[in-house]
2 protein chains.
Amino acid sequence: MRYHRIPAETVRRLPVYLNALLLSLQQGKSISSSELSAIVGINPLQIRKDFSYFGGFGTRGVGYNIEKLIKKIKKILKLDSHHQAVLVGAGNLGSAVLAYPGFAAYGFQIAAAYDSDPAKIGKTINNITIEDAENIINLKKKNIKIGIIAVPRQQSQAIAQSLVNAGVTGILNFSPCRLAVPKRVKVITINIATDLARLPFYMPADKKIGFALNKRA
Amino acid sequence: MRYHRIPAETVRRLPVYLNALLLSLQQGKSISSSELSAIVGINPLQIRKDFSYFGGFGTRGVGYNIEKLIKKIKKILKLDSHHQAVLVGAGNLGSAVLAYPGFAAYGFQIAAAYDSDPAKIGKTINNITIEDAENIINLKKKNIKIGIIAVPRQQSQAIAQSLVNAGVTGILNFSPCRLAVPKRVKVITINIATDLARLPFYMPADKKIGFALNKRA
DNA sequence: AATACTTTGTGAATACATTCACAAAGTATA
DNA sequence: TATACTTTGTGAATGTATTCACAAAGTATT
């Protein structure tokens, strides 16, 4: 298994495959690249190429053993062990993240949540009691290495700093800004607004009614 | 201005630039590519290349006029006019989207919200009253062409169909699945879980204590 | 006016990602 | 066992995106 030189785009697709495979577990024992393609909407050739970076693990004429493939992808993505994460920011978005049902399938669990608003500290959402953001310390001891940031932009850099100080090496950032962190720390930013903002570019322009009438005339 | 053959990656970055430029408006009249780079964390050469696809609109030795640049980017992204959108799914995530403050800067406004759960229909969040999802009809008449889907995976395809039937041509999809829509309809999917799922791949592996001791011995 | 400096803009070169063409290795059938 | 069929896997070709090298055009300074 040659783990070096994996295209970033492949790493981006692996969780998508994993998601589809988990859903396909009941369907049967094995799945072909074209069957998988039908689910995820990615070219089967691309799928095979992606898998080939880790060595061939399908059988020709048949396809891929689903269970085996799931295990393999989980190992590649380091999802074979469970991960604990903390959430910072229990506003609207933070609360939604706390209740989000999709993390469990990948082995993620939110172990603690923080906020700096006294009105929120002490409240319980989804069995998690919100703690004071000042208490983000020594997460390494609790084996927590992932932080999720859902605070307003102005506070996000300071929170990132706290998380890194506490031992976090991976951050999922919902704040619409760049975070300055040490090189060893990986940040993935989700910016809902910038994603929505490129939608109109791809949408067909309005047809002018006058023009349409002219064409018909 | 040659609008053809714009790299997809450039379109993805334009909203990020726009966001930074709106924040820089107070700072001064013009901004250089390296100053912008410091804010958004994108190589200044890349920034200039991106802008050059639309024709040079900076002045050498000075930089870019911020106001002019904002107008230009807004026009390219078709954000120079306001956009109305509807939200479907008023669960945790949907409610967070409804309250999300970041859309306004790009000229987006959520005009209506729908859900199929009778317990939610009639409730008001952020001045928007949740309507029955059955009533997603004739949005074109109201000049609404964007739909945001935040319903469980099982329902998302049906909702997408309703939105398309009602005249929507752009969808922001938070459901963890592919949506089958006509070619003219653009879908952008945000999958929080798959983004989180590739974080461990990039995080440094735990140091084994035994190995560290061996090295020291 | 001449020189030094700053910053944009662009064709060429490089790096990265996808697709093609086809070989390899399996299953199913006669 | 031979033949037809299916599906994976991979080097080469193509396509897309980023970076390089440097020219062009402005400002600031002497």
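By convention in this document, chain letters (A, B, ...) are assigned in the order of the sequence lines, proteins followed by strands, and residues within each chain are numbered from 1.
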Colleague: Would you kindly give the NZ-to-P distance between A:Lys72 and D:dG9, to the nearest whole Å?
Modeller: 11 Å
Colleague: Hey, are B:Tyr100 and A:Asn92 close enough side-chain-wise for a donor-acceptor pair under 3.5 Å?
Modeller: no
Colleague: Can you tell me the Watson-Crick or wobble partner of C:dA28, both distances under 3.5 angstrom?
Modeller: D:dT3
Colleague: With B:Val88, which of B:Asp115, B:Val151, B:Val168 fulfils side-chain contact (heavy atoms from CB on, under 4.5 Å)?
Modeller: B:Val151
Colleague: Compare side-chain N and O positions of A:Arg60 against OP1 and OP2 of C:dA28 and report whether any pair is under 4.0 Å apart.
Modeller: no
Colleague: Can you name the atoms? Protein N/O to nucleotides 19-22 of chain D N/O, anything below 3.5 Å, with the distance.
Modeller:
unit_1 : atom_1 : unit_2  : atom_2 : d
D:dT19 : OP2    : B:Asn43 : ND2    : 3.3

Colleague: For a quick check of understanding: with a heavy-atom distance under 4.0 Å over all strands, which category does B:Arg12 fall into, base, sugar-phosphate or nothing?
Modeller: nothing
Colleague: Can you tell me how far the OH atom of A:Tyr17 sits from the CD1 atom of A:Ile31, to the nearest 0.5 Å?
Modeller: 12.0 Å
Colleague: Base, sugar-phosphate or nothing for A:Phe51? Non-hydrogen atoms, less than 4.0 Å.
Modeller: nothing
Colleague: Just to be sure I understand the rule, does B:Ser34 reach a base, reach only the sugar-phosphate, or reach nothing, if contact means heavy atoms closer than 4.0 Å?
Modeller: nothing
Colleague: Does a side-chain N or O from B:Tyr64 land closer than 4.0 Å to OP1 or OP2 of C:dG9, or not?
Modeller: yes
Colleague: For A:Pro7 and for B:Ile31, find the nucleotide of DNA chain C with the closest heavy atom, then tell me which residue's nucleotide is more 5'.
Modeller: B:Ile31
Colleague: Just how far, in rounded Å, is C1' of C:dC16 from CZ of A:Arg13?
Modeller: 12 Å
Colleague: If you only use heavy atoms from C-beta on, which nucleotide in D:dT18, C:dT8, D:dT8 is closest to the side chain of A:Ser33?
Modeller: D:dT8
Colleague: Taking CG from A:Leu69 and P from D:dT8, how many angstroms apart are they, rounded to a whole number?
Modeller: 11 Å
Colleague: Please check if any side-chain donor atom of A:Asn65 sits under 3.5 Å from a side-chain acceptor atom of A:Ser30, or the reverse.
Modeller: no
Colleague: Going by atom types alone, do A:Lys145 and A:Asn143 pair a side-chain donor with an acceptor below 3.5 Å?
Modeller: yes
Colleague: With no hydrogens and no angle check, do the side chains of B:Arg48 and B:Ser33 hold a donor and an acceptor under 3.5 Å apart?
Modeller: yes
Colleague: What is the distance, to the nearest angstrom, from the CD1 atom on B:Ile42 to the P atom on D:dT18?
Modeller: 9 Å
Colleague: Rounded to the nearest Å, what distance is computed from the CZ atom of residue A:Phe57 to the P atom of nucleotide C:dA25?
Modeller: 18 Å
Colleague: Rounded to whole Å, please give me the gap between CD in B:Glu35 and P in C:dT6.
Modeller: 13 Å
Colleague: Hey, is the main chain of A:Phe54 close enough, under 3.5 Å, to the side chain of A:Asp50 for a donor-acceptor pair?
Modeller: no
Colleague: In whole angstroms, how far is the C1' atom of C:dT19 from the CG atom of A:Asp50?
Modeller: 13 Å
Colleague: With a non-hydrogen cut-off below 4.0 angstrom, is B:Thr10 in contact with a base, only sugar-phosphate, or nothing?
Modeller: nothing
Colleague: Output the rounded distance in Å from CG (A:Asn65) to C1' (D:dT8).
Modeller: 15 Å
Colleague: State plainly whether the residues B:Lys75 and B:Asp80 are in salt-bridge range, i.e. N to O under 4.0 Å.
Modeller: no
Colleague: Considering Watson-Crick and G-U wobble pairs with both distances under 3.5 Å, what does C:dA23 pair with?
Modeller: D:dT8
Colleague: Counting side-chain heavy atoms from CB outward, which of C:dT18, D:dA17, D:dA23 is closest to A:Tyr53?
Modeller: C:dT18
